[in-house]
Amino acid sequence: MLHLTQLSEVVLSGASLPGAIRLVRAANVAALDPEAAMFTAMLTEWEQQQRSRLLTKKTITDRLSLVCRFAEFTGTSYPWDRTPEDVEAYFATRLSRGELVWSTVRGQQGDLEMFCAFMTGSRYGWAAACSDEFGRFPVQVCHDWNTAAHVAEYEGRSGRRALTFDELQTFFDAADDRVEETRRKRRKGVLAAWRDAIPLKQVYAYGTRRRETAMLDLADLRRNPRAPQYGRVGGCGGGVVREGVQGEPTETADGIDGPGDRVDRPPHREMGG
């Protein structure tokens, strides 16, 4: 088993992957404040590592801000001095002030866990370098026994719960009824009502976000072998993929008419217009 000093030499001499210490710290340069310089270099290379994974700028910025807030909370301690108790104190304090909800706590604890995994991973060389320079090295401080587990199906406020199956069906039926009622009365607005009803079902069936939905085009619709009953509109690609998600009908959509049964039958065709 390699000693930490030997491990440091191996990693520093050959590693070149994004996030490696040798990409940001020269071996022949001494910093005036070595601890602060080491921590800053960690954040810089963690940012580079996340960029290489094609994560969005907002995700990276939010994670870096969290690590900096956590560092500010712990005072002068650096990652190689922190303990699991620091994590417990940080989140207990913020929860007591009403600054976080449960889902946010889980997400931030997961981000801190990823940062610790980055620091302690042997492929990047940070732990070995800290041991050489400070005689201490960072460890994982987020564990199963001091972080929140996702045990509840819904963790948000009760007033913002997800709709039930029956409520969704009623909602979709009401959107369809607007189309039928407008057509029955032979008024203008049939196509507009139909265009409103389709995106409502599409968002639920494929799980697309607001921007993903806004970027959809007819060319993005495609066949899906798992939903042959919807023909050429059984799946979403193209614009959805460009925005980060490739949509297919979800399991929760089973039993509820999806958008596929309407897209190929616009109301003006059925009316002979």
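Computed from heavy atoms alone, side chains included, the values below leave out hydrogens, waters and symmetry copies.
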A.B. asks: Report the C-alpha separation of Phe115 and Leu43 in whole Å, then their side-chain angles, then the decisive distance to 0.1 Å, and conclude whether the side-chain contact (heavy atoms from CB on, under 4.5 Å) test is met.
C.D. replies: CA-CA 9 Å; Phe115 179 62; Leu43 294 177; 4.1 Å; yes
A.B. asks: Quick one: are Asp86 and Val141 in side-chain contact, heavy atoms under 4.5 Å?
C.D. replies: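 Contact flag for Asp86/Val141 side chains = no.
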A.B. asks: The criterion is ring pair (Phe, Tyr, Trp, His ring centres under 6.0 Å); which residues satisfy it with Phe70, sequence neighbours excluded?
C.D. replies: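 Once residues adjacent in sequence are excluded, the partners of Phe70 under the ring pair (Phe, Tyr, Trp, His ring centres under 6.0 Å) criterion are Tyr90.
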A.B. asks: Heavy-atom count check: over 12 atoms from other residues, nucleotides or ligands less than 6.0 Å from Phe134 CZ?
C.D. replies: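 Result for CZ/Phe134: enclosed.
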A.B. asks: Test side-chain contact (heavy atoms from CB on, under 4.5 Å) on Glu45 and Trp126 and set out the steps.
C.D. replies: CA-CA 10 Å; Glu45 284 307 298; Trp126 294 103; 3.7 Å; yes
A.B. asks: Hey, is the main chain of Thr120 close enough, under 3.5 Å, to the side chain of Gln140 for a donor-acceptor pair?
C.D. replies: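 No, because the side chain of Gln140 does not come within donor-acceptor range (under 3.5 Å) of the backbone of Thr120.
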A.B. asks: Regarding Thr59 and Thr56, do their side chains bring together a donor and an acceptor under 3.5 Å, going by distance alone?
C.D. replies: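 Thr56 and Thr59 do have a side-chain donor-acceptor pair below 3.5 Å.
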A.B. asks: Honestly curious: do Phe73 and Phe39 fall in one hydrophobic cluster under the side-chain, below-4.5 Å linking rule?
C.D. replies: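 In one cluster: yes.
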A.B. asks: For Arg178, I'd like to know if atom CZ has over 12 heavy atoms of other residues, nucleotides or ligands within 6.0 Å.
C.D. replies: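 Result for CZ/Arg178: open.
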A.B. asks: Do Tyr124 and Met114 share a hydrophobic cluster (ILVMFWY, side-chain heavy atoms under 4.5 Å, transitive)?
C.D. replies: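 Same hydrophobic cluster.
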A.B. asks: Measure the spacing between CD1 of Ile60 and CG of Leu55 and express it to the nearest 0.5 Å.
C.D. replies: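 Atom-to-atom, Ile60:CD1 and Leu55:CG are 5.5 Å apart.
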A.B. asks: What distance separates Arg209 CZ from Glu212 CD, expressed to the nearest 0.5 Å?
C.D. replies: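 The distance works out to 4.5 Å.
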A.B. asks: When you look at Gln48 and Arg51, which way does the side-chain contact (heavy atoms from CB on, under 4.5 Å) test go after all the steps?
C.D. replies: CA-CA 5 Å; Gln48 295 297 328; Arg51 286 182 177 177; 3.9 Å; yes
A.B. asks: Does a donor on one side chain and an acceptor on the other come within less than 3.5 Å for Glu167 and Thr164?
C.D. replies: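 Yes, because at least one side-chain N or O of Glu167 sits under 3.5 Å from a partner of the opposite role on Thr164.
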A.B. asks: Within this structure, what is the NZ-OG1 distance for the pair Lys188 and Thr182, rounded to the nearest 0.5 Å?
C.D. replies: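 Interatomic distance, Lys188 NZ to Thr182 OG1, rounded to 0.5 Å: 13.5 Å.
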A.B. asks: Run Glu47 and Lys57 through salt bridge (Lys or Arg N to Asp or Glu O under 4.0 Å) and show every step you take.
C.D. replies: CA-CA 10 Å; Glu47 178 182 2; Lys57 182 178 180 180; over 6 Å; no
A.B. asks: Got a second to check how far Gln50's CD is from Phe118's CZ, nearest 0.5 Å?
C.D. replies: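 Nearest 0.5 Å value for the CD-CZ distance: 8.5 Å.
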A.B. asks: If you define the side chain from C-beta out and look only at heavy atoms, does anything of Phe171 sit under 4.5 Å from Lys201?
C.D. replies: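 Result no, sub-4.5 Å side-chain heavy-atom pair not found.
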A.B. asks: Is there a side-chain contact between Met38 and Cys130 (heavy atoms, below 4.5 Å)?
C.D. replies: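 Touching, per the 4.5 Å side-chain cut-off.
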A.B. asks: Find out whether Pro138 and Cys116 are in side-chain contact, i.e. whether some heavy atom of one side chain is under 4.5 Å from a heavy atom of the other.
C.D. replies: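 In short, these two side chains do not touch, never coming nearer than 4.5 Å.
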A.B. asks: Side-chain heavy atoms nearer than 4.5 Å, only ILVMFWY residues, links allowed to pass through others: does that put Val203 and Leu216 together?
C.D. replies: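 As far as the 4.5 Å side-chain criterion goes, Leu216 and Val203 are not connected within one cluster.
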A.B. asks: Answer yes or no: is there a side-chain heavy-atom contact under 4.5 Å between Pro34 and Glu133?
C.D. replies: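 Side chain of Pro34 against side chain of Glu133, heavy atoms only: contact under 4.5 Å found.
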A.B. asks: What residue pairs, at least two apart or across chains, pass salt bridge (charged side-chain N to carboxylate O under 4.0 Å, His left out) with a residue in residues 111-121?
C.D. replies: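 Sorted pair list: Arg63-Asp111.
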A.B. asks: Is there a side-chain contact (heavy atoms from CB on, under 4.5 Å) between Arg69 and Gln108 once you walk through the steps?
C.D. replies: CA-CA 11 Å; Arg69 290 196 303 271; Gln108 291 188 356; 3.7 Å; yes
A.B. asks: Inspect the contact between Arg183 and Glu180 and indicate whether a charged nitrogen and a carboxylate oxygen are less than 4.0 angstrom apart.
C.D. replies: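 Answer for the salt bridge query: yes.
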A.B. asks: Taking side chain to side chain contact (heavy atoms under 4.5 Å, CB included) as the criterion, tell me which of Asn146, Val105, Thr147, Thr104 meets it with Phe91.
C.D. replies: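 The option that passes is Val105.
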A.B. asks: Closest approach of Val139 and Arg82, non-hydrogen atoms and distance?
C.D. replies: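 It is CG2-O, 4.3 Å.
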A.B. asks: Is there a path of hydrophobic side-chain contacts, each under 4.5 Å between heavy atoms of I, L, V, M, F, W or Y residues, that connects Val87 with Leu64?
C.D. replies: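 Yes, Val87 and Leu64 fall within the same hydrophobic cluster.
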A.B. asks: Could you pull out the closest heavy-atom pair between Gln109 and Ala148, with the gap in Å?
C.D. replies: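 Taking Gln109 first and Ala148 second, the nearest heavy atoms are OE1-N, 2.7 Å.
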A.B. asks: Does the separation of the ring centres of Phe137 and Trp80 fall below 6.0 angstrom?
C.D. replies: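 For Phe137 and Trp80, the ring centres are not under 6.0 Å apart.
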A.B. asks: Got a second to check how far Leu168's CG is from Asp173's CG, nearest 0.5 Å?
C.D. replies: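 That separation rounds to 10.5 Å.
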A.B. asks: Quick one: does Ser52's side chain have a donor or acceptor within less than 3.5 Å of a partner on Gln49's backbone?
C.D. replies: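 Yes, Ser52 side chain to Gln49 backbone: donor-acceptor pair under 3.5 Å.
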A.B. asks: Which distance, rounded to the nearest 0.5 Å, do you find between the CZ of Phe172 and the CG of Leu200?
C.D. replies: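 One gets 7.0 Å once the value is rounded to the nearest 0.5 Å.
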